[in-house]
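To keep things clear, I will list the structure first and then write my remarks on it.
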There are 2 protein chains.
Amino acid sequence: MHYKKSHILILNNVSRFIDLTELEKQKYLSLLTEISVKRKAFLMQAGDIASYEYFITKGCLKVYTLDDDGAPHISMFAVEDYWTGDMASFMTKEPTRYFIKATEDSELLGISRANYELLFQEIPKFERFYRMLYQKSLISYIRRSNHGISLTAEERYIEFKTKYPNIVNRITQKDLAGYIGITPEFMSKIITKVNRR
Amino acid sequence: MHYKKSHILILNNVSRFIDLTELEKQKYLSLLTEISVKRKAFLMQAGDIASYEYFITKGCLKVYTLDDDGAPHISMFAVEDYWTGDMASFMTKEPTRYFIKATEDSELLGISRANYELLFQEIPKFERFYRMLYQKSLISYIRRSNHGISLTAEERYIEFKTKYPNIVNRITQKDLAGYIGITPEFMSKIITKVNRR
DNA sequence: GAAAAAAAATGAACTAGTTTAAGACTTTTA
DNA sequence: TAAAAGTCTTAAACTAGTTCATTTTTTTTC
């Protein structure tokens with residue numbers, strides 16, 4: 001059996017934690033929906049109810065909220081091989097406070113709420129997959145937010161650049177500022193300063 | 001069958017997500033270890049390898065790291081009905097960077113790494129329990145860190161006080177500062193200011 | 001490929017939070 | 001129950017990051 005590129009990518013991702021038989025692979029893939037988003041288009045907007053969780057097979061998207069002053073706070077950049085969505089809204093069916101906007105033409109595989117539930121019934125192994133996926137996300141989330149707290153903005157910038165060299169040059173400086181948690185003006189100052197060295 | 005108080009507490013916690021038979025309950029409880037920590041004693045110290053995950057049945061503990069300047073950053077206060085530990089170290093067997101110190105005499109139920117693995121073999125339902133527990137933690141973690149970013153220290157203080165009125169008066173102002181992410185001096189100013197209203 | 005829109009740079013005035021230091025108050029311990 | 005240790009308060013000088021306003025550069029769009 002040979003699969004299309006996007007399917008190979010997601011099956012590989014899943015195989016980090018669980019082994020699937022050919023039949024299970026096909027069953028799993030049949031529960032997914034292919035989605036395309038053009039650059040600047042929204043995959044999700046505040047007020048929507050998240051009815052999918054997404055896996056990115058191509059492109060780049062930014063996940064962000066707007067604070068009371070309308071300033072964007074970017075919580076992640078999602079590129080190939082990343083999972084994204086708003087799990088809170090997906091689980092509770094409450095409206096999301098997030099925007100997810102493509103910064104490049106992107107391709108995704110989505111799983112709907114109904115199929116997500118079905119998945120656990122059909123292939124209980126997926127409880128384990130998600131248990132381990134969430135565990136890993138939780139670990140890196142905790143690590144990031146704990147580590148970030150004691151660093152200056154400049155240190156956080158250098159860290160991001162070192163950790164995600166492939167992402168840095170795919171996003172604007174303004175969006176990076178929104179992720180680092182500072183104003184674009186201060187981001188500009190930091191970059192000038194760091195490059196001067 | 002009647003259980004001791006601490007066992008009722010943890011079974012209740014588990015039953016939020018999965019139903020266990022009497023036999024499964026007893027099996028589960030048999031995999032747990034009872035642990036007592038005196039006030040000011042450490043449950044975990046940086047450099048240790050976390051060999052347990054903990055459920056608190058009585059008391060209060062603070063979970064924190066020390067930054068390069070030796071300043072404490074408190075990531076959570078764990079009280080009755082909370083889970084705590086360092087999942088990263090528990091999973092990877094790498095040394096932890098956390099300290100967990102009891103701020104009151106405390107009682108916990110611990111699950112060892114070996115028993116945690118065993119649990120999934122013996123009662124596969126627990127994959128689901130942990131999947132849902134981690135999912136829920138992830139949601140509140142993301143919510144907290146995203147929400148916190150746009151608030152001033154004063155707003156974060158008021159929010160904490162409103163959300164956890166029962167915790168505020170069990171901890172020192174200094175520890176609260178370490179949690180809010182400010183100096184004890186500034187915490188003192190904020191409290192004076194807020195109370196003056 | 002010109003016009004419009006968005007992003008980036010620069011600088012001056014400002015503010016939330018830090019640092020340092022010292023004294024008052026509380027809690028712990030012997 | 002006295003001494004020691006830790007916590008809280010106050011205040012002045014300081015700094016990382018913001019705000020606002022303007023100009024330059026880059027990207028997008030028709």
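Computed from heavy atoms alone, side chains included, the values below leave out hydrogens, waters and symmetry copies.
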inquiry  = Assigning hydrophobic clusters by single linkage (Ile, Leu, Val, Met, Phe, Trp, Tyr; side-chain heavy-atom cutoff under 4.5 Å), is B:Ile49 placed with B:Met87?
reply    = no

remark   = In short, side chain to side chain donor-acceptor pair (under 3.5 Å) pairs touching residues 59-73 of chain B with sequence neighbours left out are A:Asn146-B:Thr65, B:Lys62-B:Asp175, B:Asp67-B:His73

query = Should A:Arg39 and A:Glu104 count as an ion pair when the cut-off is N to O under 4.0 Å?
reply = no

remark   = Expected string for nucleotides 9-18 of chain C under the B/S/- scheme (protein heavy atoms, under 4.0 Å, primed atoms plus P, OP1, OP2 as sugar-phosphate) is BBBB----BB

Partner of B:Trp83 by ring pair (Phe, Tyr, Trp, His ring centres under 6.0 Å), out of B:Phe90, B:Tyr54, B:Phe55 = B:Phe55

ask   = With a 4.5 Å heavy-atom cut-off, do B:Thr57 and B:Leu108 have their side chains touching?
value = no

task = Let me know the distance between NZ of A:Lys174 and P of D:dT27, rounded to the nearest Å.
result = 15 Å

inquiry  = Any side-chain N or O of A:Lys40 below 4.0 angstrom from OP1/OP2 of D:dT29?
reply    = yes

Nearest-0.5 Å distance that lies between atom CD1 in B:Ile100 and atom CD1 in B:Ile56 = 8.0 Å

message = Expressed as a whole number of angstroms, how long is the span from B:Arg39:CZ to D:dA5:P?
response = 17 Å

ask   = So, are B:Glu155 and B:Lys161 salt-bridged, with charged N and O less than 4.0 Å apart?
value = no

query = A:Asn169 has an atom CG; how far is it from atom C1' of D:dT26, in whole Å?
reply = 16 Å

task = Quickly work out the B:Glu104 CD to C:dT27 C1' distance and round it to whole Å.
result = 15 Å

key: Under 3.5 Å: donor-acceptor pair, side chain of A:Arg128, backbone of B:Pro124   = no

note = As a check of understanding: the bend across the helix from C:dG1-D:dC30 to C:dA30-D:dT1, end axes from five pairs, rounded to 10 degrees, works out to 70°

task = Could you state the atom-to-atom distance from CG of B:Asp175 to C1' of C:dT26 in whole Å?
result = 16 Å

request  = Round to the nearest Å and state the distance from A:Ile180 atom CD1 to D:dG17 atom C1'.
outcome  = 13 Å

